[in-house]
Amino acid sequence: MAAATEAFSRRLSDAVRGLSGAWYGRHMAAADRAIRSRLPLVDLVLEVRDARVPAASAFAPLRRRSPEPDRRRLVVLNKADLADPSQTEKWMAYMKQTSCSCVALNSHSREGIKELLNAVRAKIREIKLGESDCTGTVLLVGIPNVGKSAIVNAMHRIGRIGAAEKGKLKHAIVSSHPGETKDISGYKVASHPNIYVLDTPGVLSPVFFNDESGPLLALTGAIKDSMMQEFEIAQFLLAILNSRETYKKWENMNQAGDMSSFSHAMSSSSHHNKRQYASDHTQDFVVKAVRQVLFDSISSFKGYLENENELKSLIECQFIALQEAFRVSADLSEDVRKLVAMKLLNLYRTGRLGRYTLDCAPDVRKEIVS
């Protein structure tokens, strides 16, 4: 991370520390105790992390204090479709070389979930010494907003299709907001062997492993935005965007059109009939305008991005330009900068501004961050 960008990270880190773990309320503390009590009782622990921040999103109760690898744990790097593919490959290689089983996926990808189910079956058979008609229990854990409930729903749906008995599917609550899962619930995801997954509430430690984790978790949405100043988080995001090379791709993308955003949408003919609303910042023409603003502002910037004051000046100019790109009126009674920040953060978190991995894979010779 560049020196000027680190300055924005430090300020956001101070803001996170100022919360004094306010996100860790009674319900989360109770969930933490319940999860810790179940850890010794299950056959396998399925730890879900955010592929964009594999180190920062590690589940605190599972941090190893022993040099021996944890054979009863499988790490899932979810949201791999939002992360830098080359960095995800490095993280996978790193995990493999440190004897940690790992699967990278997008919870909305059927093939990815099938791969995960196969990995879980293999681990259960390994733990159960090859028994084919055994029963295995899996504890699904992770910090808030890493996609645990989406994963267990997909595993349950695909697993039950191939099961001998079919019944009404029981779904977990899926939300883009952290902290929606309140209780521990069980779901059958496979037969032969019979595998049951316990979905647990997201638990975020009141104290982070290092000062860099807080800003990254705020940016990816693990900490509720309502606890923070969205403008400060968006400033940190823009500092990162300005220091990366991803923006250079946007010139060609804007000319050719971003068809990737329509991979799960309606057909092209019905899309043309869809009404366009300037107030909807997720529509393609608004996203193009946002990328164009960022591309133009970074490309034309003549200052020194390593200088904190010059970078701050660029970010202020970008916010003014983004206000127009997002069609946010200056006459609104609400905080204009907050509205712009919320829209920008949403585009980042849904991958519309590119694929970024914020935790670089460590050297395999160093101790694993887990």
Completion exercise
Residues passing the ring pair (Phe, Tyr, Trp, His ring centres under 6.0 Å) test with Tyr356, sequence neighbours excluded, are none

Handout entry: Rounded distance [0.5 Å steps], CD1 in Ile298 versus CD in Glu245
Key = 9.5 Å

Handout entry: Donor + acceptor pair across side chains of Tyr187, Asn153 (<3.5 Å)
Key = no

Problem - Parallel, tilted or perpendicular, as decided by the 30° and 60° cut-offs, for the rings of His281 and Phe326 - result: perpendicular

Practice task
Without swapping roles, check the side chain of Glu230 against the backbone of Leu339 for a donor-acceptor pair under 3.5 Å.
Solution key: no

Handout entry: Side chain to side chain, Asp84 and Thr246, heavy atoms closer than 4.5 Å
Key = no

Handout entry: Distance-minimising heavy-atom pair for Ala218 and Leu12
Key = CB-CD2, 4.5 Å

Problem - Listed once per pair and sorted, the side chain to side chain donor-acceptor pair (under 3.5 Å) pairs that draw on residues 307-320, sequence neighbours left out - result: Arg11-Glu308, Asn242-Gln318, Ser297-Gln318

Exercise for the section: Could you tell me whether a side-chain N or O of Trp91 sits under 3.5 Å from a main-chain N or O of Asp359, the two making a donor and an acceptor? Expected result: yes

Exercise for the section: Treat each ILVMFWY residue as a node, draw an edge where side-chain heavy atoms are under 4.5 Å apart, and state whether Val76 and Leu39 are in one component. Expected result: yes

Problem - Heavy-atom side-chain contact between Leu198 and Leu140 under 4.5 Å - result: no

Practice task
Indicate whether any N or O donor in one side chain lies under 3.5 Å from an N or O acceptor in the other, for Asn346 and Thr282.
Solution key: no

Problem - Distance-only polar pair, side chains of Arg17 and Ser13, donor-acceptor under 3.5 Å - result: yes

Handout entry: Nearest heavy-atom neighbours spanning His156 and Lys188
Key = ND1-O, 2.5 Å

Problem - Flag side-chain contact, heavy atom, 4.5 Å: Val103 against Glu115 - result: yes

Exercise for the section: Give a yes or no on whether the backbone of Tyr348 and the side-chain of Arg352 come within a donor-acceptor separation of less than 3.5 Å. Expected result: no

Exercise for the section: Report yes or no: do Asn210 and Ser213 form a side-chain donor-acceptor pair below 3.5 Å? Expected result: yes

Exercise for the section: Say whether, by atom type as modelled, one donor and one acceptor occur between the side chain of Asn145 and the main chain of Gly221 under 3.5 angstrom. Expected result: yes

Problem - Minimum side-chain heavy-atom gap Lys148-Asp199 below 4.5 Å - result: yes

Handout entry: Sub-4.5 Å side-chain heavy-atom contact between Glu47 and Val141
Key = yes

